[in-house]
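In what follows, a structure is listed as structure tokens, so that the remarks can point back to it.
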There are 2 protein chains.
Amino acid sequence: MADDGPLKMADVARLAKVSMSTVSRALADNPLIPEDRRREIQRIAAEAGYVINQSARSLRMRKTQTIGVVFPLGHDVGQLISDPFFIEMFGRLADEITTRGYQVLLCRVTDTSEGWLNRIIQSHRQDGLVIVGQSDQHEALNQAAESYHPLVVWGGHLNGQTYCSVGTDNIGGARRAVDHLLGLGRKRIAFLGMLELPEISLRYEGYVRALRAAGIEQDPALVIPAHFSFETAYEAARELIESGTEFDAIFATSDIIALAAIQALAAAGMDVPGQVSVVGFDDIAIAAQSTPPLTSVQQDLAKGAKTIVDLLFKRMAGEDAPSATLLPKLVVRKSCGGTSAG
Amino acid sequence: MADDGPLKMADVARLAKVSMSTVSRALADNPLIPEDRRREIQRIAAEAGYVINQSARSLRMRKTQTIGVVFPLGHDVGQLISDPFFIEMFGRLADEITTRGYQVLLCRVTDTSEGWLNRIIQSHRQDGLVIVGQSDQHEALNQAAESYHPLVVWGGHLNGQTYCSVGTDNIGGARRAVDHLLGLGRKRIAFLGMLELPEISLRYEGYVRALRAAGIEQDPALVIPAHFSFETAYEAARELIESGTEFDAIFATSDIIALAAIQALAAAGMDVPGQVSVVGFDDIAIAAQSTPPLTSVQQDLAKGAKTIVDLLFKRMAGEDAPSATLLPKLVVRKSCGGTSAG
DNA sequence: AACGCTAACGCAATCGATTGCAAAAGCAAG
DNA sequence: CTTGCTTTTGCAATCGATTGCGTTAGCGTT
């Protein structure tokens with residue numbers, strides 16, 4: 001019984017024959033109320049099926065017990081968050097956040113006009129923000145971070161960056177991947193990815209450095225723009241193949257792009273790793289299962305997510321947490337030939 | 001300038017030299033305020049970087065512009081939401097929800113003690129709920145639906161169900177899959193899945209009906225409990241193989257389980273589809289990419305998500321939307337032999 | 001009995017918006 | 001200049017909790 005109308009705290013107070021103040025304090029386990037009475041009130045509230053109205057609580061306390069997770073997608077707007085990498089990151093973040101007793105609000109940004117981030121921040125819907133991927137919003141992030149502290153970004157560490165970020169050493173990871181290909185004797189290495197994205201441009205930097213260190217001249221024809229979706233990446237790879245440009249290896253800036261490239265190569269009758277070696281980035285779960293299994297630069301998402309959330313909570317507590325960089329690891333599988341040559 | 005302190009509506013009122021009431025109405029595009037004045041006030045607010053505080057708004061309006069998406073996971077508690085099927089469903093739901101101007105709150109239920117659903121509902125953090133998968137909470141759902149209307153469940157349609165659900169015809173889908181295996185001449189068909197979950201038990205029902213219709217006696221030794229995670233499913237398949245029980249086909253109740261089974265079979269030196277045919281369920285993206293490509297019962301998630309959200313919004317508007325069933329489709333690939341025999 | 005001190009408790013203000021209702025302003029007709 | 005009507009505008013109550021501060025109760029001393 002008594003589960004008809006939505007119960008308010010005043011109702012519980014009436015039931016327990018005390019004031020609202022006392023109920024509020026009792027439910028909050030405030031030691032101002034003697035322990036036995038606290039228990040009693042909690043029991044009465046639970047029995048009546050009473051639950052604190054979070055809207056009211058949030059307003060009064062000026063906190064929501066909620067963390068917003070944002071995927072800017074300044075590029076690829078309106079798309080489903082489909083890349084397994086993002087998805088896994090989201091899952092891990094959700095785990096870390098809920099473990100700490102907070103809720104997760106997914107913010108899909110559909111309107112990236114001037115001030116989009118400020119609009120999210122000022123809505124006060126969340127106590128802190130995780131931004132997954134800088135997209136092309138570096139400047140907006142810098143600006144927002146100036147006055148809003150509880151904010152951590154997953155992405156590369158860029159020049160003139162004032163916000164707190166957590167990310168893999170993109171340059172180093174790419175460098176290691178390309179070095180590996182070079183070690184296998186590959187010389188015409190194609191680069192697939194969108195240079196407009198900061199993280200990708202860092203990977204490009206690693207690619208360039210590896211080539212330079214090996215004394216190999218880089219060929220602009222080998223740098224191909226490719227989005228994160230399977231279809232567009234497949235298309236990009238197909239064009240590379242049909243262009244007639246010679247190449248003996250592909251460094252793809254995400255596993256999805258790598259897998260799409262392998263399919264495109266197979267469709268064109270080219271053997272992987274016989275004719276072309278392929279390396280991906282992220283080391284998502286499917287990488288190990290594909291045919292052939294994919295060599296990839298592994299990002300430790302579990303650790304990344306934990307670091308992000310740790311830093312965020314520090315910042316929410318007013319401390320000033322610094323950015324962090326994770327070390328990538330090259331996982332060698334069959335897609336690039338020799339099991340561990342080089 | 002003027003982006004230091006969090007602006008309140010009263011501040012905007014002062015800037016615009018009108019009362020708060022007028023600002024509130026202007027920002028809400030209330031025709032009570034003449035259009036030109038509305039525009040003017042909106043401009044002033046935007047320029048000042050003002051954003052409505054959602055906590056306050058939610059409290060007063062008794063609505064949050066937020067939909068909660070819940071993964072009960074009564075089984076497998078504490079796990080990351082890792083199954084690609086759930087993930088894709090989440091992404092599609094998020095798309096449908098944000099498209100309608102609502103936010104998405106992910107509710108990971110960590111405490112399934114008595115009244116967990118009521119606790120979510122009464123917190124008033126959301127205007128409506130989508131529950132993904134009944135888990136083992138059929139009764140709790142039935143009870144909650146009695147007094148809480150804006151709630152739609154993804155899952156099977158069960159006996160004595162009073163809540164609104166959207167789901168694939170599980171019995172029919174399973175029936176079609178098993179019929180296909182039978183058509184290939186398979187007779188010893190193993191069933192991998194957790195019967196405790198309502199949807200899976202419906203798929204079992206389809207499995208049983210198919211066998212019965214073919215006049216084949218079912219063998220309890222062929223029914224193997226298997227969770228949704230790759231590792232546990234792999235273990236389950238390995239045990240089936242090592243048990244020595246003879247079988248020439250596997251009907252897996254999810255693609256992840258099917259993929260794990262294929263790996264386990266390969267590890268045991270058994271050929272798919274030569275010796276054993278395998279069929280999965282869901283037709284997730286990887287299914288087409290695996291080796292061999294997986295035959296699977298396709299669930300149309302895009303349509304499912306749209307239907308769920310459509311029904312939910314109808315219910316939020318007070319209408320009484322009925323449950324819906326989607327028709328599954330068997331996608332035949334190489335993992336079960338003949339390209340389309342049967 | 002009077003006093004002092006602490007432990008419990010409740011009053012009422014507060015968080016920041018929305019909105020019913022009444023007042024004010026604007027305008028046309030008499 | 002009234003009167004009567006419509007269009008604008010603002011006052012003040014409200015949503016449902018939390019909490020600073022003052023009051024009351026309870027108990028031990030002298």
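Order of the sequence lines fixes the chain letters, A, B, ..., with proteins taken first and strands second; residue numbering starts at 1 for each chain.
Taking only side-chain nitrogens and oxygens, A:Ser19 never comes nearer than 4.0 Å to OP1 or OP2 of C:dC9. Residue B:Ser21 has no polar side-chain atom (N or O) positioned under 4.0 Å from OP1 or OP2 of D:dG10. When the side-chain nitrogen and oxygen atoms of A:Arg57 are compared with OP1 and OP2 of D:dT18, one or more of them lie within a distance under 4.0 Å. Residue A:Arg62 places at least one side-chain N or O closer than 4.0 Å to OP1 or OP2 of C:dG16.
Both B:Tyr50 and B:Leu32 lie close to DNA chain C; mapped to their nearest nucleotides by heavy-atom distance, the more 5′-ward contact belongs to B:Tyr50. If B:Ala56 and B:Lys17 are placed on DNA chain D by their nearest nucleotide, the residue sitting closer to the 5' end is B:Lys17.
Of the candidates D:dT9, C:dT19, D:dA17, C:dT19 carries the atom nearest the B:Met61 side chain, counting heavy atoms from C-beta on. Out of D:dG16, D:dA17, C:dT19, the shortest distance to the side chain of B:Leu59 is found at D:dG16. Nearest to the side chain of B:Arg25, among C:dA17, D:dT18, C:dC21, sits C:dC21. The side chain of B:Arg60 has C:dT19 as its nearest neighbour among C:dT19, D:dT18, D:dG16.
The distance between the ring centers of A:Phe85 and A:Phe228 does not fall below 6.0 angstrom.
Rounded to an integer number of Å, the gap from B:Met9 CE to D:dG10 C1' is 14 Å. The separation between A:Ile33 atom CD1 and D:dT19 atom C1' is 12 Å, rounded to whole Å. In this structure, the CG atom of A:Leu7 is 9 Å from the P atom of D:dA17, given to the nearest Å. Atom-to-atom, CE of A:Met20 to P of C:dT14 comes out at 16 Å; the value is rounded to the nearest Å. Across the protein-nucleic acid pair, A:Gln65 atom CD and D:dA17 atom P stand 16 Å apart, rounded to whole Å. For B:Gln54 and C:dC15, the CD to P distance is 19 Å, given to the nearest whole Å.
Classified by interplanar angle (parallel below 30°, tilted 30° to 60°, perpendicular above 60°), the ring pair B:Tyr163/B:His138 is perpendicular.
Residue contacts for B:Arg37: at a heavy-atom cut-off of 4.0 Å it reaches the sugar-phosphate backbone alone, with no base atom in range. Here A:Thr22 lies in heavy-atom contact (under 4.0 Å) with sugar-phosphate atoms only.
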For side chain to side chain contact (heavy atoms under 4.5 Å, CB included), just list the numbers for A:Ile308 and A:Trp154, CA-CA rounded to whole Å, side-chain angles, deciding distance to a tenth of an Å, and then say yes or no. CA-CA 7 Å; A:Ile308 289 172; A:Trp154 168 265; 3.7 Å; yes
Between B:Lys8 and B:Asp11, does the side chain to side chain contact (heavy atoms under 4.5 Å, CB included) criterion hold? Intermediate values first, please. CA-CA 5 Å; B:Lys8 312 193 301 177; B:Asp11 300 322; 3.8 Å; yes
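The pair B:Lys306-B:Asp95 fails the salt-bridge criterion, with no side-chain N (NZ, NE, NH1 or NH2) lying under 4.0 Å from an Asp/Glu carboxylate O.
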